[in-house]
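Below, chain A is the first sequence line, B the second, and so on; all start at residue 1.
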2 protein chains.
Amino acid sequence: MNDAAASNSIGDNAFNNIRSDIIFGRLDAGAKLKLDALKARYGTSVSTLREALSRLTSEGFIVAEGQRGFFVSPMSEQDLREISDLRVLLESHAMKLSFEAGDTEWEGRVVAAHHKLSRMETRMAAGDFTVRETWKRYDWEFHQALILACGSQALLKSHGTVFDKYLRYQMRNLTYRGEMASQEHGALLDAALARDIDKAQALLAAHIEGGIEHSLRNAP
Amino acid sequence: MNDAAASNSIGDNAFNNIRSDIIFGRLDAGAKLKLDALKARYGTSVSTLREALSRLTSEGFIVAEGQRGFFVSPMSEQDLREISDLRVLLESHAMKLSFEAGDTEWEGRVVAAHHKLSRMETRMAAGDFTVRETWKRYDWEFHQALILACGSQALLKSHGTVFDKYLRYQMRNLTYRGEMASQEHGALLDAALARDIDKAQALLAAHIEGGIEHSLRNAP
DNA sequence: CTTGCGTCCAAAATCGATTATTTGCAAGAT
DNA sequence: ATCTTGCAAATAATCGATTTTGGACGCAAG
């Protein structure tokens, strides 16, 4: 999803493809990842493939068991709550720093990101599910924009990974929670421009809590 | 350091050794990591070696540049401040959860961890630098014990990585900051047993701030 | 003296083969 | 009938060889 590092090397491509396949559910949670099968699917040799799988293991999208191979990380309510809690923690903190440091240039990016997201929300609300992945990318870009002025690469990177883990849970929802989420995004935009961090943090916590509940009710 | 996952596979060994060599400064910040040289040093083939390096890249101890190879992640004041800020954020939050959930069993582990750390601090204060790595391991175990009851695997894992990145900066200090740090650990223990989270968080922030300042004054 | 091009070398990226481990199954014993 | 025990097939882990790439050097043209 994010931190794509769009490269042209075979290894990076495999990495990005597998990562995205996990996040968007094209590889099921808990599935066994057989090297021979993946080798064919992603067009690499085992060494290169294992490199990609190792990276994903370190990031937490895959678990590696001793001499028994790789598995897509399982999903659970417990894990969803842990991930969400972590996202709120990191994103709230980053918003605080960002709100304090952001200049007009930053405001511009936030407004632009919200506008794009808003457009997709309209289409989703109209029932056009073909833009599902684009919508989620813009959702990412909006939240990213809010914290972009935080000034900490380390924080942005941690947040990016946690965001994508949270996203995996959202992607398997069968229904659209749009109306509510859309309003929350709008309120978040207003709070950002008003530099009202307390309000923004409260909105974010509610936004994510809403996502959790929706996810628990609408996923297999 | 932590999350050793002590395995007997060649790859895991290489991973653990390289990781530890970076943290304890046996591999210099910014150093070029040539595959051939490392292959000899850690006794693996390039494929297995690259796997280990990839994992470390994902964790942030190594940076990979396009087709130009791997380098030990550079160190900077900026990075130290980002890492420290992140550590305070994660550890403060984890302490809060842990203080709320910890039972008597947990208290026992905290007391035990502090006792061991305290012993090493005495030896360090007496000038016995041979226990340097053991001392730091006990330091890790104490802080880990404080947050162990937080109930979130995700949080513990993130904290573990950040802790080790912070540790790398501490390991290149040439002098011992012990006296002060030792008192802070004692106060932290008291606050934990009294379940005084506000005090503990304040102590932790000061503890880490102290480490930063000491590091900036005593490192190359 | 600089700039551009071609060659060569060192190093990284990738591959397919080899070795080690696990697992499933079947035969024999209790 | 159930529990070992011992292959054999499947799969993971590791290796060394091959291909690709980036950078240094030298030479010639402007």
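- As rounded to whole Å, 12 Å separates atom C1' of C:dG16 from atom CG of A:Asp36.
- For the OP1/OP2 pair of D:dA13 and a distance below 4.0 Å, the side-chain nitrogens and oxygens of A:Arg50 include at least one atom meeting the criterion.
- Under a 3.5 Å cut-off, the side chain of B:Arg55 and the backbone N or O of A:Leu56 do not form any donor-acceptor pair.
- Ring-centre distance between B:Trp135 and B:Tyr176: below the 6.0 Å cut-off.
- Checked by distance alone, A:Thr44 brings no side-chain donor or acceptor within 3.5 Å of a matching partner on the base of C:dC15.
- In this structure, the nucleotide among D:dT14, C:dT14, C:dT22 sitting nearest to the side chain of B:Thr48 is D:dT14.
- Remark: P of C:dA13 and CG of A:Asn13 are 14 Å apart, rounded to the nearest angstrom.
- When the nearest nucleotides of DNA chain C are assigned to B:Val46 and A:Val46 by heavy-atom distance, the more 5′-ward of the two goes with B:Val46.
- If you check C:dG16, C:dA12, D:dG16 against the side chain of B:Ser47, the one that comes closest is D:dG16.
- Remark: C1' of D:dA12 and CD of B:Glu51 are 10 Å apart, rounded to the nearest angstrom.
- In this structure, the NZ atom of A:Lys34 is 17 Å from the P atom of C:dT22, given to the nearest Å.
- The backbone N or O of B:Leu80 lies less than 3.5 Å from no partner atom in the side chain of B:Lys165, so there is not a single donor-acceptor pair.
- Protein atom CZ of A:Phe70 is 15 Å distant from nucleotide atom P of C:dT22, rounded to whole Å.
- Contact check, A:Arg68 against D:dT11: no side-chain N or O comes under 4.0 Å of OP1 or OP2.
- Spacing between atom NZ of B:Lys39 and atom P of C:dA13 amounts to 14 Å, rounded to whole angstrom units.
- Using a 4.0 Å heavy-atom cutoff across all strands shown, B:Leu53 reaches no nucleic acid atom at all.
- Between B:Ser45 and A:Lys32, it is A:Lys32 whose nearest contact on DNA chain D lies nearer the 5' terminus.
- Taking a 6.0 Å sphere around CZ of B:Arg119, one finds it holds 12 or fewer heavy atoms contributed by other residues, nucleotides or ligands.
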*ring pair (Phe, Tyr, Trp, His ring centres under 6.0 Å) between A:His159 and A:His143: does it pass, once the steps are laid out?*
CA-CA 10 Å; A:His159 174 264; A:His143 285 283; 7.7 Å; no
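- In this structure, the CG atom of A:Leu49 is 17 Å from the P atom of C:dA13, given to the nearest Å.
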